There are 2 protein chains.
Amino acid sequence: MRSLGPSDLAVVEAMTRREVSLLPNRQIVGEGEIGLGLYMLTEGWAFRYRQVGERGRQIVDFLLPGEIIGLQASLLGVLEHSVRSLTSVRLKSYDPRLIAEAFEKSPALALRFARYVSAEAARSDALISAIGCCDAVQRLAFLMFSLYQRQSRNRVVDPRNCPFPLRRQHLADALGLTGAHVNRTINRLKSDGVVSINGRQLAIHDLPRLSELAGFAA
Amino acid sequence: MRSLGPSDLAVVEAMTRREVSLLPNRQIVGEGEIGLGLYMLTEGWAFRYRQVGERGRQIVDFLLPGEIIGLQASLLGVLEHSVRSLTSVRLKSYDPRLIAEAFEKSPALALRFARYVSAEAARSDALISAIGCCDAVQRLAFLMFSLYQRQSRNRVVDPRNCPFPLRRQHLADALGLTGAHVNRTINRLKSDGVVSINGRQLAIHDLPRLSELAGFAA
DNA sequence: CGTGGGCTTGATAGTCCTCAAGTCGGGTGG
DNA sequence: CCACCCGACTTGAGGACTATCAAGCCCACG
């Protein structure tokens, strides 16, 4: 993707508001919010989710540093999901009118936004496939591999020591499983020598195997 | 959404190619394709899906008349899924460069495309939630209700006689179930007086109940 | 040191899958 | 017009996978 020109950046600058920090597990945007929020996650992880019924929570995507929060909502004008911080995070806040402004004045920026939304959609589609067609081992492998790969795009990541701040319950809520079963499945992956989790780090012992289980053709 | 101006339509006109008809269950775009296709579905239904492993097929979305095929692929430049006709269809074909052209010359059109992709993404997210958190009855209710509602947006649809060209296997592949279990579940919905399927028509006997089961707050 | 949340583990049950056989209906050719 | 045929639908029995519930453990934290 081409980088943006000075005029594109000026559009962004004009709409930048302030920067805030949040503790883990705080609501960033949600169904209770007034108006639409538009943010960039400058540090830390977050996740997008939907409340299902009274007790069910479906995590739809994880958000990594550098990614945008609230783009879909700003485009559609309605809030179909909520976003929470997973770790401590730092957010840059923008005026949601930035979107409309970009489409009017900065085609390169608008195209970026559109591609960003498409990429999110592609991730959603991949998650649907994993949940719809795969068993617990494959689902976990899929999520672990995806998150490893997404982190690898921005910087070099040691597969044996990969940041992985998700708790069992996050994995469960993202993959349509229960915390208990996620745990059992992680044990199996560990005893099979594929991956292990220590604290908030993921250690990938057999990357080819993981990617194969994840459904990314070996 | 505001309607497009004459200059927007001119951009579309210039990129319009030809119109084609296809029989049911034909590949429209797929992993085997050369280049990216961009189409509008003028008549009939289609579905977007991903091949998972050797035998698994996950349907990610259904496409109704008036909807666009290949937008995500044209934006990202890669094909993450395939599209097939569900019924007989009629397609208008466009030059994929229409996308880039729109972003350069027609902000209103570009915004439309972006919103379209966002809406698709929102549907994907909703499907994730249904598959991840709901049992078979709720998943079926969700899909039936969604498709009824989408059709209702364009024209008046009789709930007792709603077009529904999906076979059991399509329902199964979309919802992460098997054809056999879809069938049993449909029987239960029928004996509970919620909906019934006759040929290619869906008859909704209890719309409030269906929407409640589907997770759309009663 | 007490406390609480997350993790771990076990027993049990339910949902859904697998496999397979039988039925139905629509299209085709004689 | 009827017999045939194939694909889709239907139904049943048994089994696999995962949920549910509950208890104990461990560690971080106050």
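The chains referred to below are lettered A, B, ... by the order of the sequence lines, with proteins before strands, and numbering in each begins at 1. Predicted, not measured: the structure shown is a model, and the values here were computed from it.
Terminal axes of the helix from dC1(C)-dG30(D) to dG30(C)-dC1(D) (five pairs each, C1' rotation axis) are separated by 40°, to the nearest 10°.
A donor-acceptor contact shorter than 3.5 Å links the side chain of Arg84(B) to the backbone of Asn25(B). For the pair Gln201(B) (side chain) and Asn198(B) (backbone), a donor-acceptor distance under 3.5 Å is absent.
The salt bridge (Lys or Arg N to Asp or Glu O under 4.0 Å) check on Asp95(B) picks up Arg97(B), with sequence neighbours excluded.
In the 5' to 3' direction, nucleotides of DNA chain C lying under 4.0 Å from heavy atoms of chain B begin and end at dC16(C) to dT18(C).
The environment of CZ in Arg200(A) is sparse: at most 12 heavy-atom neighbours from other residues, nucleotides or ligands sit within 6.0 Å. Counting non-hydrogen atoms of neighbouring residues, nucleotides and ligands closer than 6.0 angstrom, the CZ atom of Arg55(A) reaches no more than 12 such neighbours. Within 6.0 Å of atom CZ in Arg17(A), more than 12 heavy atoms from other residues, nucleotides or ligands are found, so the atom counts as buried in its surroundings.
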Identify all side-chain donor-acceptor contacts of residues 118-130 of chain A below 3.5 Å with residues at least two apart in sequence or on another chain.
{"residue": "Ser118(A)", "atom": "OG", "partner": "Ala114(A)", "partner atom": "O", "Å": "3.2"}
{"residue": "Arg123(A)", "atom": "NE", "partner": "Asp61(A)", "partner atom": "OD1", "Å": "3.2"}
{"residue": "Arg123(A)", "atom": "NE", "partner": "Asp61(A)", "partner atom": "OD2", "Å": "3.0"}
{"residue": "Arg123(A)", "atom": "NH2", "partner": "Asp61(A)", "partner atom": "OD2", "Å": "2.8"}
{"residue": "Ser124(A)", "atom": "OG", "partner": "Glu120(A)", "partner atom": "O", "Å": "3.4"}
{"residue": "Ser124(A)", "atom": "OG", "partner": "Asp125(B)", "partner atom": "OD1", "Å": "2.8"}
{"residue": "Asp125(A)", "atom": "OD1", "partner": "Ser124(B)", "partner atom": "OG", "Å": "2.8"}
{"residue": "Asp125(A)", "atom": "OD2", "partner": "Arg48(B)", "partner atom": "NH1", "Å": "2.9"}
{"residue": "Ser129(A)", "atom": "OG", "partner": "Asp125(A)", "partner atom": "O", "Å": "3.0"}
{"residue": "Ser129(A)", "atom": "OG", "partner": "Arg50(B)", "partner atom": "NE", "Å": "3.3"}

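Between Glu67(B) and Arg150(B) there is a salt bridge, with a side-chain nitrogen of the basic residue lying less than 4.0 Å from a carboxylate oxygen of the acidic one.
Sorted by first and then second residue, the side chain to side chain donor-acceptor pair (under 3.5 Å) pairs involving residues 178-187 of chain A (not counting sequence neighbours) are Arg168(A)-Asn183(A).
Side-chain N/O atoms of Asn187(B) include one lying less than 4.0 angstrom from OP1 or OP2 on dT11(D).
Between the side chains of Arg90(A) and Thr42(A), no donor N or O sits under 3.5 Å from an acceptor N or O.
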>> Protein within reach of the bases, or only the backbone? For nucleotides 17-30 of chain D, mark each nucleotide 5' to 3' as B, S or -, using heavy atoms under 4.0 Å.
In response: -SSB----------
